[in-house]
Amino acid sequence: VFVDYSAMTRVWYAYILTWIMYSGDVVAADVDFSYVHGAYSGQFANLQIQDFYTISGFEGTSAGSRSTVALYGLGYDKNATLAVHDIIQPDSFICFAAQDEHNPAPAQYVLRENAEIIEASQRAPVLISLSRVPNFVTDLIGIIRNISEVDEIIAVPMGPKTHVLGTLLAGHIFPRLTVMHALGNRREPVQVRAEGRISCCRVEYR
């Protein structure tokens with residue numbers, strides 16, 4: 001199966017993963033995910049959060065949890081991330097952001113924009129590859145392994161789609177991980193132009 005998720009809502013490709021994972025009709029499958037990198041063409045309005053919910057199939061487990069640890073994937077919408085933080089009110093949280101191997105400027109901008117939430121976390125944000133989804137999954141799992149097994153873990157990826165996909169894949173590897181989505185709207189659509197780079201990864205189900 002080939003999936004171009006460049007302009008696809010995360011709920012759609014989450015459904016694809018969940019269906020293949022749990023469908024009794026699928027014995028084995030190879031899913032190739034493709035993402036075309038883009039750049040914002042200018043300024044854009046703040047994201048107004050309309051709903052905040054758990055993505056179906058990624059509900060995680062929280063029975064008997066002593067505390068809640070949130071994993072925030074930082075993006076360009078600092079106010080949206082702060083709003084999500086106010087909703088969850090976790091006992092502790094960790095921030096991560098995308099690092100472009102070819103251009104460090106976007107990551108620096110994200111860190112500046114999200115300085116308030118980063119300072120509140122009292123720990124340095126983790127920079128993870130933007131384009132290499134397998135590397136992202138490995139790094140995120142490394143973060144999860146260092147969190148107590150009795151804690152509830154909630155991940156909210158607010159950054160690029162490659163990190164959203166990687167978070168969903170980590171949720172399949174670690175069923176205790178809850179993945180949530182902050183659904184929002186802007187007054188005007190964001191204008192994005194294709195850069196020309198494409199990131200691909202294959203997910204094998206056996």
Quiz prompt | Whether Ser6 side chain and Val36 backbone form a donor-acceptor pair below 3.5 Å | solution = yes
Quiz item: If you measure from the Lys or Arg side-chain nitrogens to the Asp or Glu carboxylate oxygens, is any gap between Asp30 and Arg206 under 4.0 Å?
Solution: yes
Practice problem: Ignoring hydrogens and angles, state whether a donor on the side chain of Thr178 or Glu152 is under 3.5 Å from an acceptor on the partner side chain. | Solution: no
Quiz prompt | Arg10 atom CZ, over 12 foreign heavy atoms within 6.0 Å | solution = yes
Exercise. Please check if atom CD in Glu116 has more than 12 non-hydrogen atoms from other residues, nucleotides or ligands closer than 6.0 Å.
Key: no
Quiz item: Linking Ile, Leu, Val, Met, Phe, Trp and Tyr by side-chain heavy atoms under 4.5 Å, what else ends up with Val11?
Solution: Tyr15, Tyr53, Leu183
List the residues meeting side-chain contact (heavy atoms from CB on, under 4.5 Å) with [X], not counting sequence neighbours, and say none if there are none.
X      : result
Glu119 : none
Ser199 : His37, Ser131
Glu113 : Lys78, Tyr109

Self-check item: salt bridge (charged side-chain N to carboxylate O under 4.0 Å, His left out) partners for Asp4, two or more places apart
Solution: none
Quiz item: Going through the distances and angles, do Glu101 and Ser129 end up as a side chain to side chain donor-acceptor pair (under 3.5 Å)?
Solution: CA-CA 7 Å; Glu101 298 84 353; Ser129 173; 2.4 Å; yes
Quiz prompt | Within the 6.0 Å centroid threshold, strictly below: His181 and Phe52 | solution = no
Exercise. Can you spot which of Leu71, Leu74, Val164 makes a side chain to side chain contact (heavy atoms under 4.5 Å, CB included) with Pro157?
Key: Val164
Quiz prompt | side-chain hydrogen bond (donor to acceptor under 3.5 Å, both in side chains) involving Tyr35 - partner list, sequence neighbours excluded | solution = none
